[in-house]
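What follows is a set of notes on a single structure, which appears directly below.
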Amino acid sequence: MRVQGGAASVAACVLIGGAAGCAGVQSALDPGGDEAATVARLFWTMTAGALVIWAGVVALGWYYGRPHEEAPSPRRDRWLILGSGVVFPVTVLTALLAYGLWMLPPLVSRAPEGSLTVEVVGEQWWWRVRYLDATGAPLVELANEIRLPVGEPVQFRLSSDNVIHSFWIPSLGGKMDMIPGRTTYLTLHPTRVGTFAGACAEYCGTAHGYMRFMVDVMDPAAFDGWLAGQRQVAVEPQTPETQRGRDVLRRAGCGACHTVRGTSADGLIGPDLTHVGSRMSLGAAGLSTDAATLERWVSAPERLKPGVHMPAFQMMGSDDIRALAAYLERLE
Ligand code: CUA
């Protein structure tokens, strides 16, 4: 009975785990875009094919493993070996190769001229995201977050100036490497409104596992409104505390690394903070952007994200850090 119970538990785990792996915000098997649908179709086709072949091999093994009454037939055995050892694999692998090559061109083709172009740069260990205009000049810059209009192609321009990263939004499409000294391209066609998760798919150093981002696929009108909002400069602080926070940001030298458009902070090393309070996450999709988390982040970023290049600013004193966090939270 115990063995049967154990087997049932294992089967339940496989079924539940398998089903859970097929859905969610970061599943290649729950497509939200044309490219991911193609990848999922290839996966299911190959899985079905593998099951059929596995069943055939088990059946053959069973047939030839059972006790035989009839006399051995070297001629039949030779044909069996030639058929299942040469003809069958060559046919199946050729068909798979042809199917895979036939799928390839749409996956690597560029988006039509005039499509939305988003540049993503792999940093250590976060994602610099720039929306570009028709001439290739940046309209806005943000970090670890991409918003896209549903039903429209988007052209990603991918690069890195440090090590190789790999840009991957499983629900929307396949991965693409970001290689220092080269620009790579990825075209995606989101087909479903929703929030998806992306990740770095190439080991790139200490905080590789923390290098995530969020993707929000929106209605085109909502997307246009969001982009227009992102193009605005930072809001002016309205309360004594947030005004103190802005002064702390200036005094502590945050502007050496960070930009807050509309202020004197124009650093390019770290993420642009102009609208950091409206972001879906902080610290490459690991944390929320509320004041309490921002306070912890400024005090000791290394505790929240091991390997982060930003130094701790504990020496500023807790009142100043609290004011700074309140200011950043309201940068929406
Ligand atoms: Cu970037 Cu792994």
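Because only heavy atoms are used, hydrogens play no part in the values below, and waters and symmetry mates are left out as well, while side chains stay in. Both ligands and their constituent atoms are indexed starting at 1 by order of listing. Here the structure is a predicted model, which means the values were calculated and not measured.
With a cut-off of 2.8 Å, atom 1 (Cu) of ligand 1 has no N, O or S atom of Met178 in range. With 2.8 Å as the limit, His208 counts as an N, O or S neighbour of atom 2 (Cu) of ligand 1.
In this structure, O of Glu202 and SG of Cys204 enclose an angle of 110° at atom 2 (Cu) of ligand 1, rounded to 10°.
Salt-bridge formation is not detected for the pair Arg130/Asp272: no Lys NZ or Arg NE/NH1/NH2 atom is positioned less than 4.0 Å from an Asp or Glu carboxylate oxygen.
Between Leu328 and the choices Val276, Thr289, Val260, the side chain to side chain contact (heavy atoms under 4.5 Å, CB included) rule is met once, by Val276.
The nearest N/O/S atom of His165 to atom 1 (Cu) of ligand 1 is ND1.
Between Asp320 and Arg244 the shortest side-chain heavy-atom distance falls below 4.5 Å.
In this model, no donor atom of one side chain and acceptor atom of the other lie less than 3.5 Å apart for Asp266 and Thr259.
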